[in-house]
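It should be emphasised that the depicted structure is a prediction, and the values quoted were computed from it without experimental measurement.
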Amino acid sequence: LKILLQKLKEAFIGKYEESPLFYACAPGRVNLIGEHIDYCGYAVLPMAIEQNILAAVSVNNSQTIQLANTNPKYKDFSVSASELTIDRENPQWHYYFLCGVKGVQDQLSLSSLPGIRCLVDGTIPASSGLSSSSALVCCAGLVTMESNQKAISKILLAETCAKCERYIGTEGGGMDQSISFLAEEGTAKLIEFNPLRATDVKLPDGAVFVIANSCVEMNKAASSHFNIRVVECRIATKILAKTRGLEWSGLQKLGVLQIELGLSLDKMLDVVEKVFHPEPYSREEICKLLEITTEQLCNNILSANTQHVTHFKLYQRARHVYSEAARVLQFKAVCDSSPDGAVLQLGNLMNQSHASCRDLYECSCLELDQLVDICLQAGAVGSRLTGAGWGGCTVSMVPIERIDSFLRTVKEKYYMPDARRAALVKHSLFVTRPGGGAAIFTEE
């Protein structure tokens with residue numbers, strides 16, 4: 001970090017001809033298990049990684065926000081602090097930063113913002129499923145808090161940054177922002193929502209986690225895959241609630257529905273089996289079941305970028321969510337009691353999670369499935385996609401004694417046969433340990 005900071009400081013001075021006043025950093029994360037369930041209200045189990053987003057900042061009274069990035073791929077941007085607008089149609093890097101600024105401004109009811117000059121550097125590969133975009137939002141939230149000389153609790157910052165990423169059109173559930181703020185070195189976290197809280201999860205000795213990037217990029221805000229899943233879960237919630245005689249119009253999340261019905265996750269899976277057919281549901285069928293018009297479906301249930309969708313796989317999505325929520329709790333229970341064979345049990349849960357993401361939630365892709373297979377052949381006890389999917393990274397649990405041969409084999413079989421991947425392998429395949437959370441610091 002010291003070396004990165006020194007380099008960033010020199011670049012900042014070179015660009016703005018003054019020294020930064022302070023620095024902010026926010027880590028990326030890897031989710032070990034619990035995919036696509038945070039926005040359904042369920043607990044997830046991520047850890048922060050060493051890769052982060054780092055910003056150097058100076059404050060002035062120009063009321064202009066000037067942003068630059070050390071990566072020439074990302075263009076400079078400047079905007080009047082009184083005219084912040086975020087273009088959903090065009091999810092550029094600087095709009096993620098403005099999400100964080102606007103979120104904290106709204107949270108603190110700040111009528112005006114000072115001017116800032118900011119140079120951003122990042123070691124999290126973009127669109128890789130390791131939360132580079134959320135780390136940027138969190139970093140911007142911290143920058144805004146500090147440049148206005150305010151103090152907000154980590155929990156409130158996490159909740160604020162989770163909400164404000166919706167300005168760019170991503171209806172996420174809050175895992176990424178929560179772990180970025182609440183992470184602690186040396187431990188993974190069980191993150192629970194409503195109210196937001198984080199519990200340490202001690203990972204077993206004897207194995208390490210390895211991240212492998214498929215080198216297929218996936219930008220959540222630029223595509224509708226992600227929000228279609230959110231909407232499918234929302235529709236499934238409403239139909240299940242209606243068939244059970246509940247007032248369904250206010251219910252949005254499968255997790256809240258479970259609480260309302262007072263049933264176990266196993267029992268919820270039985271209800272899903274009884275109520276839904278495996279074939280996709282058309283708009284007409286959904287409207288008939290809910291006794292609503294197409295117009296009500298479009299206005300009240302579908303989101304802006306899912307208006308074009310005609311068929312919805314409700315059975316598969318609900319089955320994934322309830323079974324994945326159960327796997328998270330089993331994973332934590334194994335970590336807490338660390339029985340003999342814990343590593344194998346955890347690996348098994350990761351493998352079940354990947355199968356569910358692939359077959360029921362359909363958020364994998366050919367390359368991720370191929371990479372998971374190679375990781376298992378190379379000696380991992382468990383391997384799965386991590387993050388939203390449709391590209392990005394896998395996370396594998398590897399017994400320590402197999403780590404060298406594992407890395408060698410994966411490099412040989414997945415990366416080296418392809419020139420583009422081979423060029424990226426240095427930053428695409430690495431052992432990761434639970435890192436610390438977001439922070440503000442000065443030179444001292």
Minimum heavy-atom separation for Asn31 and Pro46, please, with both atom names. OD1-N, 3.5 Å
Which heavy atom of Val104 sits nearest a heavy atom of Thr160, and at what distance? N-CG2, 3.9 Å
Would a 4.5 Å heavy-atom cut-off, applied to side chains only, mark Met175 and Glu35 as touching? yes
Residues in ring-ring contact (aromatic ring centres under 6.0 Å, His included) contact with Tyr39, at least two apart in sequence or another chain: His36, Phe226
Salt-bridge criterion met for Arg358 and Asp369 (N-O under 4.0 Å): no
Take the angle between the ring planes of Trp390 and His225 and call it parallel below 30°, perpendicular above 60°, tilted in between. parallel
Closest heavy-atom pair, Arg327 versus Ile33, reported as atoms and distance to 0.1 Å, is CB-CD1, 3.9 Å
If you look at every heavy atom in Val321 and Cys233, which pair is closest and at what distance? CG2-SG, 3.9 Å
Between Lys274 and Asp270, is there a salt bridge with N-O shorter than 4.0 Å? no
Nearest-0.5 Å distance that lies between atom CD in Gln105 and atom CG in Asn148: 8.0 Å
Determine yes or no for a side-chain-to-main-chain donor-acceptor pair under 3.5 angstrom, with Asn348 supplying the side chain and Leu344 the backbone. no
To the nearest 0.5 Å, atom CE of Met397 lies from atom CZ of Phe406 at 12.5 Å
Ignoring hydrogens and geometry beyond distance, is a side-chain donor-acceptor pair present between Tyr167 and Asp106 at under 3.5 Å? yes
To the nearest 0.5 angstrom, please state how far the SG atom of Cys25 sits from the CZ atom of Phe441. 4.0 Å
Strictly below 4.0 Å, N to O, side chains only: are Glu362 and Arg229 in salt-bridge contact? no
Under 3.5 Å, is there a donor-acceptor pair between the Tyr315 and Glu273 side chains? yes
